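These numbers come from the heavy atoms of this one structure, side chains and all, not from hydrogens, waters or symmetry mates. As the structure is a computational prediction, the values presented were derived from the model and not from experiment. Numbering of residues begins at 1 and proceeds along the displayed sequence.
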Amino acid sequence: MAKKPENLTFEESLTELERIVSDLEQGDVSLDDALKQFERGIKLVRNSQGKLEQAQQKVAILMQEDEAASLTTFTPEGE
């Protein structure tokens with residue numbers, strides 16, 4: 001039985017999302033299974049987004065402790 005999304009680490013969620021996307025892109029999944037996988041993917045995304053927001057809040061709190069530090073928008077390389 002698959003773990004509940006809230007019990008997965010952020011990295012585990014990403015790995016499972018990649019697998020779901022790959023399975024759905026191949027098109028070899030029945031409609032019922034595709035809907036179940038899509039639903040699971042949505043839950044994983046929402047949970048992962050919540051974990052990212054929590055991490056951002058923690059960083060903001062830590063940065064407030066250092067008056068000289070400033071937060072800047074993160075831009076991944078290649079974008």
Side-chain angles (χ1 to χ4, degrees):
M1 181 176 200
K3 288 184 179 180
K4 292 182 178 183
E6 58 270 13
N7 295 335
L8 295 173
T9 65
F10 181 79
E11 292 77 11
E12 289 171 331
S13 292
L14 284 182
T15 299
E16 187 170 346
L17 279 168
E18 289 171 351
R19 182 194 53 78
I20 288 171
V21 168
S22 177
D23 288 350
L24 293 176
E25 285 180 340
Q26 289 178 6
D28 296 333
V29 181
S30 70
L31 180 59
D32 287 339
D33 287 340
L35 286 172
K36 287 177 186 175
Q37 287 187 353
F38 181 77
E39 182 179 5
R40 173 114 174 128
I42 294 296
K43 289 177 183 177
L44 289 167
V45 166
R46 288 182 180 154
N47 190 348
S48 297
Q49 185 175 16
K51 288 181 181 181
L52 281 176
E53 289 171 0
Q54 287 176 350
Q56 287 175 329
Q57 289 174 349
K58 286 180 184 178
V59 168
I61 290 168
L62 292 171
M63 297 298 284
Q64 286 176 356
E65 293 175 4
D66 182 359
E67 297 294 326
S70 63
L71 292 178
T72 58
T73 304
F74 175 74
T75 305
E77 292 181 20
E79 285 190 16

**Q.** Nearest-0.5 Å distance that lies between atom CG in Leu44 and atom NZ in Lys3
**A.** 12.0 Å
Q. Which atom names give the shortest non-hydrogen contact between Leu17 and Gly41, and what distance separates them?
A. CD2-O, 3.5 Å
Q: Can you measure from OG1 (Thr9) to CD (Glu12) and round to the nearest 0.5 angstrom?
A: 3.5 Å
**Q.** Flag side-chain contact, heavy atom, 4.5 Å: Ile42 against Arg46
**A.** yes
Q: For Arg19, look at atom CZ and say whether over 12 heavy atoms of other residues, nucleotides or ligands are found less than 6.0 Å away.
A: yes
Q | Test applied, side-chain contact (heavy atoms from CB on, under 4.5 Å); reference residue, Leu24; option that passes from Ile20, Asp28, Val21 | A | Ile20
Q. For Ser13 and Ser48, which heavy atoms make the closest approach, and how far apart are they?
A. CB-OG, 3.3 Å
Q.
Walk me through whether Asn47 and Leu8 qualify under side chain to side chain contact (heavy atoms under 4.5 Å, CB included).
A. CA-CA 9 Å; Asn47 190 348; Leu8 295 173; 5.9 Å; no
Q | Closest non-hydrogen atom pair, Lys51 against Pro5 | A | NZ-O, 4.3 Å
(Q) Assess the residue pair Lys43 and Glu6 against the criterion (side chain to side chain contact (heavy atoms under 4.5 Å, CB included)); give the C-alpha distance rounded to whole Å, side-chain angles, the decisive distance to 0.1 Å, and a yes or no. (A) CA-CA 9 Å; Lys43 289 177 183 177; Glu6 58 270 13; over 6 Å; no
Q.
Quick test of your reading of the model: are Asp32 and Lys36 salt-bridged, counting only N-O distances below 4.0 Å?
A. no
**Q.** Non-hydrogen atoms of Ala34 and Val29 that approach each other most closely
**A.** N-CG1, 3.3 Å
Q | Side-chain ion pair, Arg40 and Glu16, N-O less than 4.0 Å | A | yes
